[in-house]
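Hydrogens, waters and symmetry mates are skipped; everything else that's a heavy atom, side chains included, is used.
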Amino acid sequence: DVQLVESGGGSVQAGGSLRLSCLVGGYTFSSYCMAWFRQVPGNVREGIAAIYIGTDNTFYADSVKGRFTISQDNAENTVYLQMTNLKPEDTGMYYCAADPWFPSAIRALGVDAYTYWGQGTQVTVS
């Protein structure tokens, strides 16, 4: 079974930073596409950032470009989301997602492109 475990969420003041981690287990990490999504109650799940593991290809939502960075550590089977200059509108539950295929660029931040999901970690910016 594929397991995704997120950590690193918390409460922070506007302008602050957080780093989320997604520990991956149960499959060959190096051949997957990984992504972070954000969801606020009552809203759809929004794609924030994605990365093709083993490449330099990354994708970001316009709302986080220049503030968030997605990265990989193959030795640790972990994907990170470094979030800086946080804003109250960044508040939400953050989910890690994975899929064994590399979706096209236009689909990389789409919910439908991902098969496996973590349980989420809450980020609150005040």
Side-chain angles (χ1 to χ4, degrees):
D1 274 355
V2 174
Q3 302 101 32
L4 306 176
V5 180
E6 303 99 332
S7 62
S11 297
V12 64
Q13 291 189 338
S17 300
L18 283 174
R19 188 178 77 160
L20 305 183
S21 300
C22 176
L23 178 61
V24 175
Y27 65 83
T28 304
F29 180 71
S30 61
S31 62
Y32 271 58
C33 181
M34 302 289 301
W36 287 96
F37 287 76
R38 174 172 69 201
Q39 189 168 25
V40 176
N43 287 9
V44 299
R45 195 166 291 190
E46 173 191 18
I48 296 300
I51 185 168
Y52 292 167
I53 297 299
T55 77
D56 294 328
N57 291 325
T58 56
F59 310 89
Y60 295 96
D62 288 343
S63 59
V64 305
K65 279 181 182 176
R67 299 189 299 122
F68 291 12
T69 303
I70 189 170
S71 63
Q72 58 190 293
D73 185 332
N74 288 352
E76 298 293 330
N77 273 17
T78 300
V79 169
Y80 300 100
L81 185 68
Q82 179 67 51
M83 306 185 293
T84 62
N85 191 21
L86 283 160
K87 305 176 180 181
E89 52 264 42
D90 294 318
T91 294
M93 186 69 78
Y94 282 70
Y95 296 92
C96 178
D99 198 85
W101 300 101
F102 287 173
S104 62
I106 199 170
R107 295 184 63 241
L109 296 180
V111 171
D112 292 343
Y114 296 89
T115 303
Y116 304 105
W117 294 84
Q119 294 300 306
T121 185
Q122 177 68 34
V123 171
T124 303
V125 184
S126 60

Does [X] share a hydrophobic cluster with [Y], counting links as ILVMFWY side-chain heavy atoms below 4.5 Å and allowing steps through other members?
X    : Y    : result
Y32  : V111 : no
Y114 : M93  : yes
L20  : L4   : yes
M83  : I51  : yes
V24  : F37  : no

**Prompt:** Less than 4.5 Å apart, any side-chain heavy atom of V79 and any of I53?
**Reply:** yes

Kindly compute the distance separating [atom1] ([X]) from [atom2] ([Y]), expressed to the nearest 0.5 Å.
X   : Y    : atom1 : atom2 : result
F59 : I70  : CZ    : CD1   : 10.0 Å
R45 : W117 : CZ    : CH2   : 5.0 Å
L81 : M34  : CG    : CE    : 11.5 Å
C96 : L23  : SG    : CG    : 9.5 Å

Nearest heavy atoms of [X] and [Y], plus distance in Å:
X   : Y   : answer
Q72 : Y52 : NE2-O, 3.9 Å
Q82 : L18 : NE2-O, 3.6 Å
T91 : V40 : O-CG2, 3.3 Å
L86 : V12 : CD1-CG1, 3.6 Å

Heavy atoms of other groups near Q119 CD, more than 12 under 6.0 Å
no

(Q) In this structure, is the centre-to-centre distance between the rings of F68 and W36 below 6.0 Å? (A) no

The complete set of disulfide bond (SG atoms under 2.5 Å apart) pairs with one or both residues in residues 97-126, sequence neighbours excluded, reads none

Without placing hydrogens or testing angles, list every side-chain donor-acceptor pair under 3.5 Å for residues 98-109, not counting sequence neighbours.
{"from": "D99", "atom 1": "OD1", "to": "T115", "atom 2": "N", "distance (Å)": "3.1"}
{"from": "D99", "atom 1": "OD1", "to": "T115", "atom 2": "OG1", "distance (Å)": "2.4"}
{"from": "D99", "atom 1": "OD2", "to": "W101", "atom 2": "N", "distance (Å)": "3.1"}

For residues 1-25, the side-chain hydrogen bond (donor to acceptor under 3.5 Å, both in side chains) pairs (sequence neighbours left out) are none

Salt bridge (Lys or Arg N to Asp or Glu O under 4.0 Å) pairs touching residues 108-124, sequence neighbours excluded, are none

So the salt bridge (Lys or Arg N to Asp or Glu O under 4.0 Å) pairs with at least one residue in residues 57-72 (sequence neighbours excluded) are D62-K65, R67-D90

Residues at least two apart in sequence or cross-chain that pass salt bridge (Lys or Arg N to Asp or Glu O under 4.0 Å) with E46, listed by chain then number, are R38

